[in-house]
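What follows is one structure encoded as structure tokens, with my remarks underneath.
For the numbers below, each heavy atom of this structure counts, side chains included, while hydrogens, waters and symmetry mates do not.
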Amino acid sequence: MKYIRDQIANEDCRYEAHVWFNNHSHQCGCFGNKKAAEHWADWLQKKIVTQDLIMGIFRPRH
């Protein structure tokens with residue numbers, strides 16, 4: 001799951017992006033513009049899903 005939160009009162013962190021999945025740590029980052037926040041959140045979400053898929057394929061089955 002991901003979401004972007006507008007931080008109106010904080011000029012140093014105008015947008016806060018959050019990404020989390022079950023069995024993974026919650027990740028967040030601060031960004032100056034919404035496009036950068038969305039790009040990071042999309043990238044991280046895809047990276048987590050890809051790593052989980054690869055781990056599922058190559059994990060030895062007993």
Side-chain angles (χ1 to χ4, degrees):
M1 177 179 219
K2 69 176 180 174
Y3 74 92
I4 312 299
R5 182 168 60 183
D6 191 359
Q7 303 279 92
I8 295 170
N10 188 352
E11 292 183 18
D12 292 333
C13 180
R14 183 75 172 106
Y15 292 92
E16 191 174 72
H18 296 263
V19 177
W20 71 95
F21 287 91
N22 290 338
N23 302 322
H24 291 279
S25 62
H26 178 192
Q27 302 286 325
C28 66
C30 289
F31 299 89
N33 63 61
K34 190 171 185 176
K35 184 174 183 177
E38 290 172 343
H39 178 72
W40 176 82
D42 288 341
W43 169 82
L44 184 57
Q45 186 177 32
K46 288 174 186 174
K47 181 176 177 164
I48 291 170
V49 169
T50 301
Q51 286 177 331
D52 283 356
L53 181 63
I54 290 170
M55 291 296 289
I57 292 170
F58 293 107
R59 179 173 288 139
R61 307 239 191 259
H62 296 281

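Ring pair His26/Trp20 is perpendicular by interplanar angle, where above 60° counts as perpendicular and below 30° as parallel.
To the nearest 0.5 Å, atoms CD (Gln27) and CD1 (Ile48) are separated by 6.5 Å. If you take NE2 on His18 and CE on Met1, they are separated by 11.5 Å, rounding to the nearest 0.5 Å. Note that NZ of Lys47 and CG of Leu44 are 7.5 Å apart. Values are rounded to the nearest 0.5 Å.
Two rings, from Tyr15 and Trp40, have their centers 6.0 Å or more apart.
When side chains are defined from C-beta on, Arg14 counts as touching Asp6, because their heavy atoms get closer than 4.5 Å.
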Exercise for review: Assess whether side chain to side chain contact (heavy atoms under 4.5 Å, CB included) is satisfied between Arg5 and Tyr3, documenting all intermediate values.
Suggested key: CA-CA 7 Å; Arg5 182 168 60 183; Tyr3 74 92; 4.1 Å; yes

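A chain of hydrophobic side-chain contacts below 4.5 Å, direct or via other Ile, Leu, Val, Met, Phe, Trp or Tyr residues, connects Val19 to Val49.
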Show me the side-chain donor-acceptor pairs of residues 29-39 shorter than 3.5 Å, one per line, residues at least two apart or across chains.
from	atom 1	to	atom 2	distance (Å)
Asn33	OD1	Lys35	N	3.3
Asn33	OD1	Ala36	N	2.7

